[in-house]
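Quick note on labels: first sequence line is chain A, next is B, and so on, each numbered from 1.
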Amino acid sequence: MSTPPNTPLPEEHPIAPYLRMDRMPHIWCPTCGIGTVVKCFATALEETQLDLDKVTIVSGIGCTGRVAGYMNLDAFHTTHGRAIPFATGIKLGRPELEVVVFSGDGDLTGIGGNHFIHAARRNMDLLVILVNNFIYGMTGGQNAPTTPTTARSSTMPFGNFERPFNLPHLAASCGATFVSRWTCLHIRRLTKCIRTALGRKGFRFIEVIAPCSTLYSRLNRLGSGLDLIKFYHDNSEIRHGADTRELEIGYQDSFVCGNFVDEERPTFLDLMNAHYEEVLGDRYVRMPPEGGWIHE
Amino acid sequence: MKADPAGVLTGVHYLDGDFACGEGAMAAGCRFVAGYPITPSTEVVERISRRFPMMGGTFIQMEDELASMAAVTGGVWTGTKCMTVTSGPGFSLMMENIGLAAMMETPCVVVNVQRGGPSTGLPTMVGQGDMMQARWGSHGDYELIALSPQSPQEAFDLTIVAFNLAEVWRVPVMFMMDECVGHMTEKVVIPPSDEIDIVPRVLSDKAPGDYLPYEVNGRPVPEFVRVGDGYRFHTTGLTHDERGYPVMSVECQEDSVHRIINKIRLNANDIVRYDEENVDGADVVVVAYGITARVTRMAIDMARTEGVKVGFLRLIVVWPFPEDRIREIASSTKAFVVPEINYGQMVLEVERCAAGKAPAILVPHGGGGVHDPAVICQAIVEAAK
C-alpha cells in the first residue's frame with residue numbers, strides 16, 4: 001500500500017527549522033548536488049549557534065541561485081551575477097550582519113566575475129559558497145567559464161575548447177582570506193569548512209563540486225547524478241594548503257580538494273574605519289553596527 | 001520628520017548643481033552611496049565622499065555601474081537611504097538593477113547628469129536624451145518617478161523631494177539632471193535642518209509571524225521591514241506573491257505587476273509637479289524642463305515682444321507625466337512648442353496627451369549646447385499663426 005501524499009512525516013527533518021518548508025518541494029532535479037550543500041550549510045549554522053536573525057543570504061540567478069529562496073533567513077534572490085554587489089550593499093548598510101552569498105559558477109564567475117574579483121580584492125566581509133556543476137544548468141546545459149576542456153555542453157556540442165577557470169586560484173590571487181574546495185559528498189568536511197568560515201572575517205570562498213545530473217551528466221554520458229557524485233568524491237585528493245596554481249580541473253580527471261588559504265587580514269570595513277580614525281580623528285563618525293538609517 | 005542636522009550644511013552657498021545635488025542627498029538622510037566615476041556626474045560623489053565620514057555615511061566606489069546599482073538596491077533593505085550617481089553610459093548599465101528595484105519595491109535615488117549621446121557621445125557636454133530611457137530603460141512593465149531640476153538650487157531642493165517620493169511610493173526615483181545644471185554654479189540656500197521635511201523609513205509594527213513582505217491590504221504599497229530584525233523575509237526579482245515567494249502564473253503576474261504599475265498611475269495626480277505661468281488663454285504653450293526651461297524663458301520674452309500670447313509649463317516631475325493638465329490645456333491652446341536637447345522625447349508625451357486637439361511642435365537640439373532662444377522664439381511665433 002502506498003503512502004497517501006499528504007501524510008505528515010513521522011519525524012521532522014533535523015534541518016527543517018533552517019528551511020522554508022512551505023516552499024517544498026524544491027525545483028532541483030533528482031540527484032542534483034545542490035541539496036547536500038544546503039544541508040551542510042544548515043548544519044554548520046546549527047553548530048555555530050549564530051543568531052539566525054543576523055544572518056542574511058543572497059543569491060543570484062540559476063539553479064544554485066534558488067538556495068536563498070529555501071533558507072529560513074532574511075533572503076534575497078537578486079539579478080544574474082549581482083549577488084556579491086547586492087550583498088556588499090547589505091554589509092555596508094548594516095555592518096553587524098553575517099552576509100552569505102550562495103550561488104553558482106556561471107552566476108558568480110561568468111556574468112558576475114568582475115564583482116567576484118573586486119570583492120576579493122577589497123576583502124569584503126562576505127562568505128561566498130559557490131556550487132560548481134561545470135555548466136549552466138537552468139538554461140539548458142550551455143558552456144560555462146568552468147566547463148572542463150573537451151567536455152560537451154549544449155553550446156559546445158563538439159566539446160569545449162576553452163580553458164576553464166581555476167576558481168580557488170582566482171579567489172586567492174585576488175585576495176580572498178579563506179579559500180577551500182570540497183565536493184558535495186564531503187558532507188562532514190564541507191560542514192566543518194563552512195562552520196570554520198562562518199567564524200572568520202573577510203572574503204571567504206568555498207567552491208563545492210557538484211553534479212548536474214540532468215544536463216552535464218547526460219550530455220557527456222556520465223551516468224546518473226549519483227554516479228557522478230561518487231566519481232567526484234573518489235577522484236578528489238585532499239591536500240590542505242596546496243598551491244592554488246595546481247588546482248585546475250580537467251575533464252573527468254582527478255582534482256585536489258581541501259582548505260588552501262586561511263589568513264587573517266583586515267576587511268574593507270576594518271580598513272575604512274581605521275583609516276578614517278587615523279586621518280580624521282574625532283571628526284570621523286562610524287556607521288553604527290545596526291546601520292546608518294534615520295528613523296523617528 | 002525633520003532632517004538630521006549632521007547632513008545639513010545650512011547657509012548661503014555658491015555651488016554647482018552636482019555639489020548641490022550631493023548636499024541635497026545628505027540633507028535628505030542618504031547615508032550610503034555606491035558609484036562609479038563618469039563625467040559629468042562625478043562631482044556629486046566627490047562631494048559626498050568628502051563629507052560622508054563626518055556624518056556616519058559610507059561611500060564605496062564600485063567596480064562598475066552594474067555593481068553600483070546592485071549595492072544600492074541591497075543597501076536600501078538595511079533601512080539606510082541610498083543613492084547612486086551616473087551619466088548616460090552608466091545609466092544604461094544600471095537599467096538591470098533599476099528593474100530589480102522596481103520589482104522588489106526598493107526606494108532609492110538614481111542621479112543621471114545627462115550628457116550628449118548615444119554611446120560615449122559627448123562626455124563633457126550637455127544632453128537631454130535619456131528621458132525616455134529613464135521611463136522605459138529596463139525590460140518589462142513598471143512605473144517609476146523622475147524629476148528634472150533647472151538650477152543648482154533645485155538640484156538641492158528636488159533631491160530631497162526625490163528621496164521623499166521614493167520612500168512614499170517605494171520606487172526607484174530617477175533624478176534627471178543635465179550637464180549644464182550639473183556644472184552651473186549659482187547661489188544655493190540650504191535651510192536649517194528643522195525646516196527640511198524628510199519622509200523617514202516607516203517599518204511595520206507587525207510581529208514576524210504576522211508579516212508578509214508584499215501584503216498591501218488595499219494600500220498602494222506594502223509595509224517595510226529591515227534585514228536583520230528577525231522577520232526572515234524573502235524577496236526576489238521573480239514575479240512573487242504577498243509572501244515574496246515566486247509564483248509563475250498569469251494570475252500572480254496580473255496581481256503583482258499591475259499593482260506596482262497602478263500605485264503610480266492611479267496616484268499620478270499626487271505625484272506630478274510642474275510650474276506654469278500664463279497658460280490660460282495662451283495661444284501657444286511651451287513645455288520644457290531642465291536647462292532648456294531656463295533658455296525657454298528668454299525665448300518666451302522675445303515672443304511676447306512680438307505680440308504672441310505665450311504660456312509656459314515647466315516639468316519638474318517628468319514621470320509620471322502630467323497627462324490630465326496637458327489634456328486640459330490642449331483644448332484651449334493653438335499649439336504646444338516643446339524644445340528639448342534631443343530629437344524628440346517628451347514631445348511624444350505632449351503629443352499623446354494632446355490627442356490631436358493641438359499640435360506638439362518639437363524644437364530639437366542634438367546636444368553639446370543649449371538652444372539659441374531665437375530658434376525657440378521663431379517656433380513659438382510660427383505656431384501662433
How about B:Y36: does its OH atom have over 12 heavy atoms from other parts shown lying under 6.0 Å from it? no
Greatest number of heavy atom pairs closer than 4.5 Å to chain A - which of B:G57, B:A3, B:G56: B:G56
Engaged part of B:A34 at the chain A interface, taking heavy atoms whose separation is under 4.5 Å: neither
Kindly give the heavy-atom pair with the smallest separation between B:G228 and A:K54, and that separation in Å. O-NZ, 2.6 Å
A:R23 (side chain) donor-acceptor with B:P246 (main chain) under 3.5 angstrom: no
Quick one: sort the B:W77 and A:F76 rings into parallel, tilted or perpendicular, breaks at 30° and 60°. perpendicular
Per-residue contact mode, A:L52 against chain B (heavy atom under 4.5 angstrom): both
Heavy-atom cut-off 4.5 Å, strictly under: side chain, backbone, both or neither for B:F233 against chain A? both
Does any backbone or side-chain atom of B:M103 lie under 4.5 Å from a heavy atom of chain A? Answer side chain, backbone, both or neither. neither
What are the two closest heavy atoms between B:H234 and A:G69, and how far apart are they? NE2-CA, 3.3 Å
Which answer fits B:V227, side chain, backbone, both or neither, if we ask what part of it has an atom under 4.5 Å from a heavy atom of chain A? both
A side-chain contact here means heavy atoms from C-beta on lying under 4.5 Å apart; do B:T73 and A:F86 qualify? yes
Residues of residues 23-31 of chain B with any heavy atom under 4.5 Å of a heavy atom in chain A: B:G29, B:R31
Atom CZ of residue position B:R50 - does it have more than 12 heavy atoms of other residues, nucleotides or ligands inside 6.0 Å? no
To the nearest 0.5 angstrom, please state how far the CD atom of B:E63 sits from the CD1 atom of A:I84. 9.0 Å
Residues 71-89 of chain A vs salt bridge (Lys or Arg N to Asp or Glu O under 4.0 Å), sequence neighbours excluded, gives A:R82-B:E96
For B:M55, which atoms come within 4.5 Å of any heavy atom of chain A: side chain, backbone, both, or neither? backbone
Quick check for you: among B:T80, B:V225, B:T58, which has the greatest number of heavy-atom pairs under 4.5 Å with chain A? B:T80
Nearest 0.5 angstrom please: B:L238 CG to A:T78 OG1, how far? 10.5 Å
Can you tell which part of A:T79 gets under 4.5 Å to a heavy atom of chain B, answering side chain, backbone, both or neither? both
What residues of residues 111-128 of chain A make heavy-atom contacts with chain B at a cutoff under 4.5 angstrom? A:N114, A:H115, A:H118, A:R122, A:M124
Roughly how far, to the nearest 0.5 Å, is CG of B:D229 from CG of A:D53? 8.5 Å
Heavy-atom cut-off 4.5 Å, strictly under: side chain, backbone, both or neither for B:I198 against chain A? neither
Side chains of B:T78 and A:E290: does their closest heavy-atom pair fall under 4.5 Å? no
Rounded to the nearest 0.5 angstrom, the CZ-CE distance for B:F52 and A:M287 is 7.5 Å
If you count heavy-atom pairs under 4.5 Å between each of B:K81, B:R232, B:R243 and chain A, which one has the most? B:R232
Chain A shares the most heavy-atom pairs under 4.5 Å, among B:M69, B:M62, B:H240, with B:M62
Please list, in residue-number order, every residue in residues 270-286 of chain A that has a heavy atom less than 4.5 Å from any heavy atom of chain B; write 'none' if there are none. A:M272, A:Y276, A:L280, A:R283, A:Y284, A:V285, A:R286
